[in-house]
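First up is the structure itself, then whatever we jot down about it.
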Amino acid sequence: MSWSVLDALLSRPEDVRRMLRARGYSTDLVDEFLRIDREWKELKRKVEELRHEHNVITRSIRQARGEEERRELIEKARRIIQELEALEKKLKELEEQRTSILRRFPNLIRQEVYQICPEDAEEIALKYWGKPRVYREDVDKLLNEVRKTGHNIEYEVINWKPVGHADMLENVLKLGDTEKAGEVAGSRFFYIFDDIVWLDLALALYALDFLSQRGFRIVVPPYMLKHEYMTSVIDFDALKDAIYKIEDEDLYLIGTSEHPLACYLAKRELLEQDLPVLFAGYSPCFRREASAGSRDLKGIFRVHQFHKVEQFVFCLPEESDKWQEFLLNNAEELWRGLEIPYRVVLVCPKEMGRTAAKQYDLEAWMPAQATFREMVSCSNCTDWQSFRLHIRVVRKGMKREYVHTLNSTAIATTRAITAILENHQEPDGVVRVPKVLRKYLEAFPNAPKDYIVPRNVKR
RNA sequence: GCCGGGGUGGCCGAGCCAGGCCCAAGGCGCGGGCCUGCUAAGCCCGUCCCCGUACAGGGGGCGUGGGUUCAAAUCCCACCCCCGGCGCCA
């Protein structure tokens, strides 16, 4: 049973170097690993030979004839232990070094990603859906963006400039307050009120309802994880820049329910018929956004905390590509239901998550910014997480393999809200509520049904 | 929080008190084979991890981390978790 990255390091190191270069990292790590690995194996052999010698002597002691022989054997065993002491310490050190270097490798990249992505490309648009509404002065911007990627789309020109989601929320609808939140908690926090809260809940229910009908178990996971588990599902950089730590506790706030969902089967040995396992997680997500600088400071697009419904799959290695298409397809259906124009892009090595072997993003059209923004990220992590979490499957012939894990956003509520505020906005500031959400709002007398209406507008 | 019981390989479960062919019995499950017209039953082999291309061989592993010993699943210490009882809180 072997991890694909380790396998590649030992048999095809050039593949690993290529991956590191494509992602924009130095390839030194490969040579460093190979050097330590060689040293480790050599010492391991030496130590095991000595231990064997010691075991042989130890086993013979109980048959020793007489005190004399017995004392001699014990003395011999003692000497070997002395000899071993220093070597074992060194071996342990090497082993730790080896593991820690090994754990620093990002995932290998799927062949087709190299083929589709030109060098230095950030992403490649694969398809467009829907008919974006474009302010007349932004038409060129949209067309450039689309044609650049070799596609053609239909669009609707409008003669009024849509208000940006942040202004909509705070100034037009007056249903959000990031200023007060900034004062009491800091930037990238928010208060949202009334209709937006109903919307937040309805979006989550919509996604959970949809996924539960597609074979997913819906789950509320722990919102915190221990260090050991956190570092098994994300890489070191993410831990540093993205994850909140609880002071004086060995606990970290999750950045997404992907993290605790992946951990659910940690250290488990599964049978083929147990797979696939499909989870739809619902949880708040906490993100430090330490490396975001001042990007998207306004509004609720990029915030420290939000709700998200997440798709997660454990599956057989040879089926993960198929499941990734399934996840993407679910996400697309959900977003088509929200009637929001989008495109699907293949994320190129430079911009991919380090745990992903292949990653799609779904980007929604944002009329006020006249650009597409990320709403969904759909990744095949292959065996990167399951190797660290020790999630195996026993195959026919009793061969063990690491399962593959995949994850994809279904709906992150705050981002979906920004997309709705811009795409379903009407000239008078009224926001149309997507029909699919209606049934999740129906039960509540004070929830909006068809429209979210600014106080000063009559409808 | 206190007292008592317990954590053994995918699961169940013996071993622990009296340390040593325990690199862990047995069962279930799973894989392969034999047998049979097919299936079932029965029988045989295999079924934790690492080093070794393979074979042979070897090392490690009994909740986690230390310790005692020539030798630890077995003894000692600390921690974690589970079950039962009592207490406390709602």
Side-chain angles (χ1 to χ4, degrees), chain A residues 1-13 33-103 222 224-232 246 248-252 260 263-277 314-318 383 386-403:
Chain A
M1 183 170 49
S2 179
W3 180 34
S4 58
V5 173
L6 175 58
D7 217 47
L9 276 166
L10 296 175
S11 57
R12 313 176 308 276
F33 174 80
L34 292 175
R35 201 193 75 238
I36 300 255
D37 184 64
R38 228 175 293 124
E39 244 181 275
W40 171 74
K41 279 176 181 159
E42 213 172 289
L43 186 61
K44 184 173 163 70
R45 188 148 112 247
K46 206 185 284 177
V47 165
E48 284 178 359
E49 272 168 20
L50 274 173
R51 287 213 269 241
H52 176 59
E53 228 180 291
H54 178 259
N55 285 345
V56 170
I57 294 169
T58 278
R59 272 175 225 144
S60 69
I61 284 176
R62 68 187 314 249
Q63 285 119 267
R65 262 172 276 167
E67 258 319 294
E68 185 63 18
E69 191 183 332
R70 193 184 151 82
R71 225 179 309 120
E72 250 171 56
L73 286 170
I74 290 178
E75 192 41 49
K76 229 166 139 187
R78 274 210 180 106
R79 271 201 300 277
I80 292 175
I81 286 176
Q82 263 170 30
E83 201 177 334
L84 265 173
E85 216 169 329
L87 294 180
E88 280 187 327
K89 196 173 154 222
K90 177 75 185 154
L91 181 66
K92 201 174 164 188
E93 272 170 32
L94 277 175
E95 210 163 294
E96 276 163 16
Q97 269 183 61
R98 193 185 96 112
T99 329
S100 94
I101 292 174
L102 194 57
R103 286 171 68 103
M224 302 178 204
L225 290 174
K226 295 177 184 177
H227 181 267
E228 176 198 346
Y229 287 91
M230 211 37 139
T231 52
S232 295
I246 304 291
D248 296 330
E249 305 260 2
D250 177 30
L251 285 173
Y252 295 80
C263 294
Y264 185 69
L265 296 179
K267 298 174 187 172
R268 283 277 289 277
E269 189 158 276
L270 305 159
L271 301 176
E272 287 196 19
Q273 64 262 31
D274 298 332
L275 294 168
V277 174
F314 301 89
C315 71
L316 293 172
E318 66 273 22
D383 59 357
S386 59
F387 162 71
R388 293 158 173 244
L389 291 166
H390 301 289
I391 308 174
R392 297 94 67 212
V393 54
V394 185
R395 311 300 306 259
K396 293 212 190 303
M398 295 308 284
K399 288 265 181 282
R400 285 169 169 77
E401 282 180 47
Y402 291 110
V403 305

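Since the model is a prediction, treat every value here as computed from it, not as a measurement. Proteins get letters first, then strands, A, B, ... in listed order; numbering begins at 1 in each.
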Pairs involving residues 76-87 of chain A, ordered by first then second residue, that meet side-chain hydrogen bond (donor to acceptor under 3.5 Å, both in side chains) (sequence neighbours left out):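 As it turns out, there is no side-chain hydrogen bond (donor to acceptor under 3.5 Å, both in side chains) pair with a partner in residues 76-87 of chain A once direct neighbours are skipped.
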
Residues which pass ring pair (Phe, Tyr, Trp, His ring centres under 6.0 Å) with A:Tyr229, listed by chain and number, not counting sequence neighbours: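 Counting only residues at least two positions away or on another chain, A:Tyr229 forms no ring pair (Phe, Tyr, Trp, His ring centres under 6.0 Å).
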
For A:Tyr402, ring pair (Phe, Tyr, Trp, His ring centres under 6.0 Å) partners two or more places apart: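 Partners of A:Tyr402 by the ring pair (Phe, Tyr, Trp, His ring centres under 6.0 Å) criterion, ordered by chain and then number, come out as A:Phe387.
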
Whichever of A:His52 and A:Ile74 has its nearest RNA chain B nucleotide further upstream toward 5':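 Mapping each residue to its closest nucleotide by heavy atoms, the 5'-most match is A:His52.
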
5' priority, RNA chain B, between A:Gln273 and A:Trp40 [closest heavy atom]: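 Nearer the 5' end of the strand: A:Gln273.
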
Which nucleotide, in any strand shown, forms a Watson-Crick or G-U wobble pair with [N], with both distances under 3.5 Å?
| N | result |
| --- | --- |
| B:C86 | B:G1 |
| B:A41 | none |
| B:U68 | none |
| B:C30 | B:G46 |
| B:C23 | none |

With [atom1] as the reference atom in both, quote the distance from [N] to [M] in angstrom, rounded to an integer.
| N | M | atom1 | answer |
| --- | --- | --- | --- |
| B:U64 | B:G46 | P | 27 Å |
| B:C17 | B:C82 | P | 28 Å |
| B:C43 | B:G4 | C1' | 47 Å |
| B:G63 | B:C38 | C1' | 48 Å |
| B:G19 | B:U68 | C1' | 11 Å |
| B:C16 | B:C76 | P | 14 Å |
| B:G42 | B:U53 | C1' | 39 Å |
| B:U47 | B:A56 | P | 11 Å |

Looking at every strand, decide which applies to [X] at a 4.0 Å heavy-atom threshold: base, sugar-phosphate, or nothing.
| X | answer |
| --- | --- |
| A:Arg400 | sugar-phosphate |
| A:Ile57 | nothing |
| A:Arg51 | sugar-phosphate |

Working to the nearest 0.5 angstrom, can you tell me the gap between [X] [atom1] and [Y] [atom2]?
| X | Y | atom1 | atom2 | value |
| --- | --- | --- | --- | --- |
| A:Leu34 | A:Arg38 | CG | CZ | 6.0 Å |
| A:Ile80 | A:Glu75 | CD1 | CD | 11.0 Å |
| A:Cys263 | A:Glu228 | SG | CD | 9.0 Å |

RNA chain B: 5'-most and 3'-most nucleotides touching chain A, 4.0 angstrom heavy-atom criterion: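 In short, chain A contacts RNA chain B from B:G10 to B:A71.
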
Residue pairs fulfilling salt bridge (Lys or Arg N to Asp or Glu O under 4.0 Å) with at least one residue in residues 86-95 of chain A, sequence neighbours excluded: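 Matches after skipping sequence neighbours: A:Arg51-A:Glu88.
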
Less than 3.5 Å apart, which donor and acceptor atoms pair up between the side chains of residues 391-398 of chain A and the rest of the protein, not counting sequence neighbours?
residue	atom	partner	partner atom	Å
A:Arg392	NH1	A:Arg268	O	3.4
A:Arg392	NH1	A:His390	O	2.9
A:Arg392	NH2	A:Glu269	OE1	3.2
A:Arg395	NE	A:Glu272	OE2	2.8
A:Arg395	NH1	A:Glu318	OE1	3.2
A:Arg395	NH2	A:Glu318	OE2	2.8

